[in-house]
Amino acid sequence: MAKTTYDFAEIEPRWQQVWEEKGVFHASDDLSKPKYYVLIEFPYPSGQGLHVGHPRSYTALDVVARKRRMEGFNVLYPIGWDAFGLPTENFAIKTGQHPIAVTRRNTDNFRRQLKRIGFSFDWSREIDTTDPNYYRWTQWIFLKLWEHGLAYKNEMPINWCDSCKIGLALEEVKEGTCERCGAPVVRRVRSQWMLRITKYAERLLNDLDTVDYLPKIKTQQANWIGRSTGAEVDFRIAGHADKRMRIFTTRPDTLFGVTYMVLAPEHPLVGELTASCSNPAEVKAYVEAAARKTDFERTEVVKEVTGIEMKGVRALNPASGKEIPIWVADYVLISYGTGAIMAVPGHDERDWRFARKFGLPVVEVISGGNVDEAAFTDIDKGTLVNSGPLDGLKPDVAIKRMTELVEKAGYGHATTQYRLRDWIFSRQKYWGEPIPMVHCPACGWVPVPEDQLPLRLPEVERYQTTGTGESPLSLIADWVNVPCPKCGGPAKRETDTMPNWAGSSWYFLRYIDPKNDKALASPEKLKYWTPVDWYNGGMEHTTLHLLYSRFWHKFLFDIGIAPTSEPYKKRTSHGLILGENGEKMSKARGNVVNPDDMVRDFGADAFRLYELFMGAFDQPIPWSTNGLVGMSRFIQRVWDMQEKVSAKAALDAATNRLMHQTIRDVGERIESMKFNTAVASLMTLGNHFGTLDAIPSAAWEKFLVMLFPFAPHVAEELWSKLGHKDLVSTQPWPKFDPAQAKEDVIEVAIQVNGKVRGRIQVSSGATPKEVEAQALADDSVKGSLEGKSVRKVIVVPGRLVNIVAS
RNA sequence: GGGCGAGUGGCGGAACGGCAGACGCAGGGGCCUUAAAAGCCCCUGACCCGCAAGGGUCGUGUGGGUUCGACUCCCACCUCGCCCACCA
């Protein structure tokens with residue numbers, strides 16, 4: 001038989017069609033089988049099409065999904081579209097096309113691209129967040145959140161571009177300027193829907209202990225939630241018996257060192273006290289100037305600290321009883337803690353700088369440093385001084401003691417503070433889920449009744465911005481003006497839409513029962529399929545998407561919908577694929593690689609192998625189209641080997657041993673996400689086959705079964721060429737037998753004082769003593785041991801012998 | 001400023017504290033061919049000694065430490081990447 005070229009262009013689509021026709025990758029609803037739920041982050045179908053970064057995660061978990069099926073699990077590996085989003089809306093505005101049409105075109109393109117790579121997705125469960133049958137349930141969850149007091153309206157600043165006349169999402173703000181026009185972004189206060197994620201802060205943090213996430217993912221979530229323990233303390237204001245200034249501190253031990261107070265410019269007390277101070281005009285001017293500043297200006301690190309004293313008003317230090325000045329400064333944020341701080345310049349760096357600049361007193365209350373030169377902030381060292389009852393205590397003890405004193409005296413208490421903010425859930429955009437609320441002048445906010453869901457996005461003439469900051473929906477009078485669902489009087493719909501994080505916060509539940517029109521999914525199926533067993537995605541989603549979806553899931557658990565309190569059992573992440581030049585891939589840099597080109601030139605299998613082989617899965621790796629060449633050579637070599645396969649060839653010891661070692665390595669490496677070395681060990685076995693005159697068919701078949709998750713098309717084709725009527729897809733994953741992987745004779749290195757001087761062959765059954773004797777007797781070490789005496793011999797079984805001599 | 005990663009041949013990268021460089025790419029030599037491409041075989045960390053077979057020294061960002069033994073563990077530092085950033 002003459003050698004042929006592996007014709008991927010003909011073979012790959014053919015098998016894709018067979019798999020699809022037979023539905024081999026469909027998850028079954030036979031709930032008696034053990035299940036395994038594999039999940040990748042569903043893509044945002046952008047106009048640019050798939051990027052070689054997407055398949056990295058999809059291929060890796062595709063390997064896992066295929067292996068699990070072969071291990072006998074009922075596997076759910078679904079796919080869908082996270083299709084609401086700004087780029088689509090912007091493209092629609094620019095070209096005058098309807099976002100629905102744009103989305104359909106983009107998803108069609110993505111679907112075509114993904115199918116050509118041969119992922120084992122269950123396409124029968126495809127979902128789309130912009131489908132009213134899907135967002136009906138997103139809206140339903142919102143109504144439940146509202147019912148349970150977790151959704152509320154609040155005045156919140158938004159990022160506003162004065163030149164585009166539009167509110168911007170955080171991702172549209174680049175270094176304080178508008179991404180599209182470059183004008184500075186200012187803050188504008190607007191009434192917005194908020195979700196009370198902070199109510200779940202404690203559980204979101206504590207329950208990290210119950211899940212199997214990569215440590216760095218846990219750390220990042222924990223830092224984002226940002227729990228700090230400390231105390232809230234009330235400071236009285238001289239001459240204002242009715243007013244209290246409440247602050248949060250993590251260092252109540254330094255209370256005696258407080259020499260002034262600082263309020264955020266937006267703090268209500270600023271307004272209330274302005275009239276009582278002797279420089280009201282100056283204070284007002286400062287507050288107004290701060291409001292005009294952009295967030296970027298306010299948080300710029302290099303910026304000089306600024307502030308203004310509220311002259312004539314004084315706070316009372318509850319510890320020392322002294323009167324201290326009150327300042328207003330924009331380095332204090334209204335959004336964290338209580339928006340007011342006690343300043344301890346001796347032991348806080350920012351307070352120290354501020355005190356220096358404005359000539360405020362610095363008092364040392366913890367000895368151990370030199371507060372004239374720098375703030376002494378080391379909490380583990382030093383001793384309390386100038387602090388009355390705390391003198392002589394260590395800071396950690398003093399914190400507890402002072403908190404007790406404060407509680408006893410009734411002007412404060414121990415408390416926990418989170419960095420996590422409530423979730424701003426409103427967007428003033430068209431292309432998002434309408435928020436199903438109606439505002440009635442008589443009844444206030446009234447939810448749209450559940451039986452009226454989905455509340456569909458109305459057709460609009462223009463998606464252009466309104467110029468007022470309202471969503472384009474506000475321009476459609478007959479949609480906005482509706483009778484109040486409660487009293488029937490004239491009312492108006494909410495015109496804000498949901499952020500694109502909404503649809504992705506629960507999508508993994510919809511895959512479980514995607515066509516259910518009675519519930520977001522049936523309880524039995526939810527019980528069977530949740531939680532997701534393995535979820536892989538990008539590190540960039542750790543703090544937003546991952547946290548938001550955990551929050552929604554916990555809420556759904558609390559109201560009896562979700563059967564588990566955590567959505568994902570295991571979460572891993574992949575590294576970014578960079579351009580060939582080592583820079584981030586982007587259109588602007590001109591270094592984007594299109595998977596279509598790769599699949600056209602090298603085939604889907606070579607592309608998949610390269611995605612896995614290119615490097616450590618969790619590291620960022622530059623793309624190299626050259627690397628694909630090696631993969632297609634490997635596939636071609638495997639293709640050529642089929643001629644040498646023989647049922648008559650005896651399975652020799654070396655081949656059998658290597659085969660079992662490969663079964664072990666490939667299996668272990670898939671589980672530990674070392675896909676690059678898993679491919680390498682398949683290559684090693686392939687290279688060994690290359691050296692044989694005839695390949696025993698027993699070994700060849702096991703090889704094809706193991707190759708299948710990585711390069712499914714060629715594996716399926718070669719399997720069928722053996723005359724099999726069934727599919728390699730449905731073969732069981734091979735069993736590893738340690739006894740058969742064991743070597744009979746092992747080469748052991750002999751070292752003298754840590755340097756390799758020779759090698760010996762030892763039998764695998766030899767005892768350490770026998771190995772030692774054999775090593776000492778070997779000629780190769782004679783020279784190195786000349787004139788020395790052996791002090792010690794270390795035998796590492798199966799590895800080496802180290803002779804320590806001097 | 002904080003958090004998290006990472007620094008290994010010409011390149012991508014391997015390596016439970018135990019023979020550094022698996023597996024590939026690129027490069028060199030050979031076979032095949034009228035020739036080329038493809039394929040196959042061999043070589044390929046640096047330096048030194050030797051005609052050769054072979055032998056030796058140095059080598060995992062830098063400097064220390066622990067250990068019989070360190071790419072791996074500990075301390076300090078340098079460089080790069082990502083995320084967060086005046087968080088009281």
Side-chain angles (χ1 to χ4, degrees), chain A residues 3 5 214-220 222-224 226 228 230 247-251 254 262 264 298-303 305 329-333 335-344 347-351 353-354 417-421 538-540 542-543 573 575-576 578 580 582-584 609-610 613-616 618-631 633-634 636-637 640 665 674 676-684 686-687 690-691 747-759 783 791-806:
Chain A
K3 283 190 180 178
T5 304
L214 291 181
K216 63 175 172 180
I217 296 176
K218 286 191 184 184
T219 311
Q220 229 181 77
N223 290 345
W224 187 262
S228 51
I247 60 91
F248 171 74
T249 179
T250 55
R251 296 295 302 271
T254 62
V262 189
R298 266 185 76 165
T299 58
E300 224 173 350
V301 181
V302 289
K303 189 200 66 161
V305 281
D330 66 6
Y331 80 88
V332 174
L333 306 175
S335 57
Y336 185 76
T338 62
I341 62 156
M342 61 177 214
V344 188
H347 307 283
D348 180 279
E349 237 156 89
R350 269 167 318 157
D351 296 345
R353 267 188 288 137
F354 194 84
Q417 188 70 43
Y418 295 92
R419 208 195 74 119
L420 188 66
R421 300 270 78 84
M539 277 310 282
E540 70 275 21
T542 302
T543 48
S573 77
L576 216 61
L578 308 170
E580 300 229 26
E583 288 172 31
K584 214 169 178 165
L609 282 173
Y610 180 65
F613 185 72
M614 61 193 303
D618 60 344
Q619 292 305 123
I621 310 281
W623 181 263
S624 160
T625 300
N626 249 339
L628 265 151
V629 174
M631 300 305 111
R633 279 183 198 150
F634 170 63
Q636 181 64 46
R637 270 201 306 277
D640 293 340
D665 290 348
K674 294 183 171 175
N676 53 338
T677 54
V679 173
S681 71
L682 285 169
M683 287 176 166
T684 304
N687 290 346
T691 65
E747 191 181 73
V748 168
I750 313 176
Q751 298 184 331
V752 175
N753 293 333
K755 288 198 196 299
V756 179
R757 297 298 172 190
R759 291 152 204 293
R791 303 271 173 223
K792 196 174 176 183
V793 180
I794 288 124
V795 179
V796 184
R799 297 261 179 193
L800 55 70
V801 178
N802 189 13
I803 301 167
V804 186
S806 58

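Just so it is clear: chains get the letters A, B, ... in the order the sequence lines come, proteins before strands, and each one is counted from 1.
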**Q.** Between B/C23 (C1') and A/L682 (CG): distance, integer Å
**A.** 11 Å
(Q) Nearest to the side chain of A/T684, heavy atoms from C-beta on, is which of B/C23, B/A88, B/G18? (A) B/C23
Q. What is the pairing partner of B/C58, taking Watson-Crick or G-U wobble pairs with both distances under 3.5 Å in any strand?
A. B/G45
Q.
Checking A/Y610 against A/N626: is there a side-chain donor and acceptor pair closer than 3.5 Å?
A. no
(Q) Taking any heavy-atom pair under 4.0 Å as a contact, classify A/S624: base, sugar-phosphate, or nothing. (A) nothing
Q.
Measuring only the P atom in each nucleotide, how far is B/U67 from B/G12? A whole number of Å is fine.
A. 36 Å
Q.
Does a side-chain N or O of A/R633 approach OP1 or OP2 of B/C25 to a distance below 4.0 Å, or not?
A. yes
(Q) Work out how far the P atom of B/C80 is from that of B/C31, and round it to whole angstrom. (A) 50 Å
Q. Taking for each residue the nucleotide of RNA chain B bearing the nearest heavy atom, is the 5' side occupied by A/R759 or by A/Q619?
A. A/Q619
Q. A/N676 near the nucleic acid: base, sugar-phosphate alone, or nothing, with a heavy-atom cut-off under 4.0 Å?
A. sugar-phosphate
Q) For the atom pair CE (A/M683) and CZ (A/R633), what is the distance rounded to the nearest 0.5 Å? A) 11.0 Å
**Q.** Candidates B/G56, B/C83, B/A14 - which lies nearest the side chain of A/A616
**A.** B/A14
Q.
Categorize A/A340 for me: base, sugar-phosphate, or nothing, with a 4.0 angstrom heavy-atom threshold over every strand shown.
A. nothing
Q) Base, sugar-phosphate alone, or nothing: which one does A/M539 contact when heavy atoms must sit under 4.0 Å apart? A) nothing
Q) When you measure from the side chain of A/K792, which nucleotide among B/C68, B/G39, B/C19 comes out closest? A) B/C68
**Q.** Whole-Å C1' distance, B/U33 and B/G81
**A.** 49 Å
Q: Quote, to the nearest angstrom, the C1' distance that separates B/C71 from B/C16.
A: 14 Å
Q. Rounded to whole angstroms, how far apart are CH2 on A/W224 and P on B/G3?
A. 17 Å
Q: Look at all strands and tell whether A/L800 reaches a base, only sugar-phosphate, or nothing, counting heavy atoms closer than 4.0 Å.
A: base
(Q) Just the rounded figure in Å: distance from P of B/C82 to CG of A/N223. (A) 19 Å
Q.
What's the gap between B/G24 and B/C19 when it is taken at their C1' atoms, as a whole Å value?
A. 22 Å
Q.
With rounding to the closest Å, how many angstrom separate the C1' atoms on B/G59 and B/G7?
A. 16 Å
**Q.** Separation of B/A88 C1' from A/R353 CZ (nearest whole Å)
**A.** 13 Å
Q.
Just to be sure I understand the rule, does A/K218 reach a base, reach only the sugar-phosphate, or reach nothing, if contact means heavy atoms closer than 4.0 Å?
A. nothing
Q.
Students often get this wrong, so: under 4.0 angstrom with heavy atoms, is A/N687 touching a base, only sugar-phosphate, or nothing?
A. sugar-phosphate
Q: Any strand is fair game: report the nucleotide pairing with B/U66 by Watson-Crick or G-U wobble, both distances under 3.5 Å, or none.
A: none
Q: Under a 3.5 Å limit for both distances, which nucleotide forms a Watson-Crick or G-U wobble pair with B/C16, could you say?
A: none
Q: Using Watson-Crick or G-U wobble geometry with both distances below 3.5 Å, tell me the partner of B/G39, or none.
A: B/C31
Q | 5′-ward residue of the pair A/T677/A/I794 relative to RNA chain B | A | A/T677
Q: Nearest whole angstrom, please: distance from the C1' of B/C82 to the NZ of A/K216.
A: 9 Å
Q: Tell which nucleotide pairs with B/G9, taking only Watson-Crick or G-U wobble pairs whose two distances are both under 3.5 angstrom.
A: none
Q.
Using 0.5 Å steps for rounding, measure from the CZ atom of A/R757 to the CG atom of A/N802.
A. 11.0 Å
Q) What distance separates A/M539 CE from A/L576 CG, expressed to the nearest 0.5 Å? A) 12.0 Å
(Q) On the side chain of A/N626, is there an atom forming a donor-acceptor pair with the base of B/C25 - under 3.5 Å, no angle test? (A) no
Q. If you measure from OG1 on A/T542 to NZ on A/K218, what distance do you get to the nearest 0.5 Å?
A. 13.5 Å
Q) What is the distance, rounded to the nearest whole Å, between atom CE of A/M683 and atom C1' of B/G13? A) 12 Å
Q) Would you find more than 12 non-hydrogen atoms of other residues, nucleotides or ligands less than 6.0 Å from A/E580 atom CD? A) yes
Q: May I ask you to say what A/R637 touches in the nucleic acid, namely base, sugar-phosphate or nothing, with a heavy-atom cut-off under 4.0 Å?
A: sugar-phosphate
Q: Specify the separation, in whole Å, of atom CD of A/E349 and atom P of B/C87.
A: 10 Å
Q. How long is the line joining CE of A/M614 and C1' of B/G13, in whole Å?
A. 11 Å
Q. So what's B/G1 paired with, Watson-Crick or G-U wobble, going by both distances under 3.5 Å?
A. B/C84
**Q.** Note, A/D665 side chain near A/T677 side chain (heavy atom, < 4.5 Å)
**A.** no
Q | Pairwise P distance, B/G28 and B/C84 [rounded to whole Å] | A | 46 Å
Q. Can you tell me how far P in B/G30 sits from the matching atom in B/A37, rounded to whole Å?
A. 13 Å
Q: Measure the spacing between CH2 of A/W224 and CZ of A/R419 and express it to the nearest 0.5 Å.
A: 5.0 Å
